[in-house]
Amino acid sequence: APDFVLLDVGLIREKSFAVAEQLVSQKIPFVFVTGYSGPAALPDALAYYPVLRKPYLRDELLETLRKWRNQT
């Protein structure tokens with residue numbers, strides 16, 4: 001299992017929320033990434049997970065990873 005996942009919200013024909021739910025059930029930490037400019041329309045159960053906007057800067061990704069590492 002991965003230690004941490006960057007999960008793109010928009011897949012070709014669907015959203016990645018089912019994958020996110022599986023990550024939650026397996027206790028695998030993740031952050032959503034999206035290219036949508038507006039607020040990410042996340043289901044209520046997933047709304048508290050962090051979101052990185054694409055294109056994200058290297059420093060934003062590193063800060064996200066630092067926060068995760070500090071929580072473990």
Side-chain angles (χ1 to χ4, degrees):
D3 292 326
F4 188 87
V5 174
L6 293 174
L7 186 59
D8 201 324
V9 171
L11 305 176
I12 292 173
R13 292 191 175 113
E14 57 191 280
K15 304 289 187 209
S16 62
F17 303 138
V19 175
E21 290 169 356
Q22 286 296 314
L23 293 172
V24 170
S25 72
Q26 295 177 34
K27 298 183 179 172
I28 298 171
F30 65 94
V31 61
F32 286 111
V33 293
T34 184
Y36 298 116
S37 60
L42 303 177
D44 290 342
L46 300 171
Y48 59 93
Y49 284 88
V51 177
L52 282 175
R53 303 280 176 198
K54 294 189 292 184
Y56 49 84
L57 300 174
R58 179 179 161 265
D59 289 343
E60 292 172 308
L61 175 58
L62 290 174
E63 181 60 24
T64 299
L65 293 171
R66 277 189 207 103
K67 286 178 183 177
W68 163 72
R69 192 175 340 145
N70 290 337
Q71 292 176 355
T72 58

Practice problem: Find out if a path of hydrophobic residues (ILVMFWY) with successive side-chain heavy-atom gaps under 4.5 Å connects Ile28 to Tyr49. | Solution: yes

Could you go through residues 60-67 and list every donor-acceptor pair under 3.5 Å that involves a side-chain atom there, pairing it with any protein atom two or more places apart or in another chain?
{"unit_1": "Glu60", "atom_1": "OE1", "unit_2": "Leu57", "atom_2": "N", "d": "2.6"}
{"unit_1": "Thr64", "atom_1": "OG1", "unit_2": "Glu60", "atom_2": "O", "d": "3.0"}

Self-check item: Considering all heavy atoms, the nearest Phe30-Val24 contact
Solution: CE2-CG2, 3.7 Å

Self-check item: Within one Ile-Leu-Val-Met-Phe-Trp-Tyr cluster: Tyr56 and Val51, side-chain cutoff 4.5 Å
Solution: no

Quiz item: Taking only residues two or more places apart in sequence or in another chain, which ones pass salt bridge (charged side-chain N to carboxylate O under 4.0 Å, His left out) with Arg58?
Solution: none

Quiz item: Is there a side-chain contact between Trp68 and Val31 (heavy atoms, below 4.5 Å)?
Solution: no

Please list every donor-acceptor pair under 3.5 Å in which a side-chain atom of residues 3-23 meets a protein atom from a residue at least two apart or in another chain.
{"unit_1": "Asp8", "atom_1": "OD1", "unit_2": "Gly10", "atom_2": "N", "d": "3.3"}
{"unit_1": "Asp8", "atom_1": "OD2", "unit_2": "Lys54", "atom_2": "NZ", "d": "2.6"}
{"unit_1": "Lys15", "atom_1": "NZ", "unit_2": "Tyr36", "atom_2": "OH", "d": "2.9"}
{"unit_1": "Ser16", "atom_1": "OG", "unit_2": "Asp8", "atom_2": "O", "d": "2.7"}
{"unit_1": "Ser16", "atom_1": "OG", "unit_2": "Val9", "atom_2": "O", "d": "3.4"}

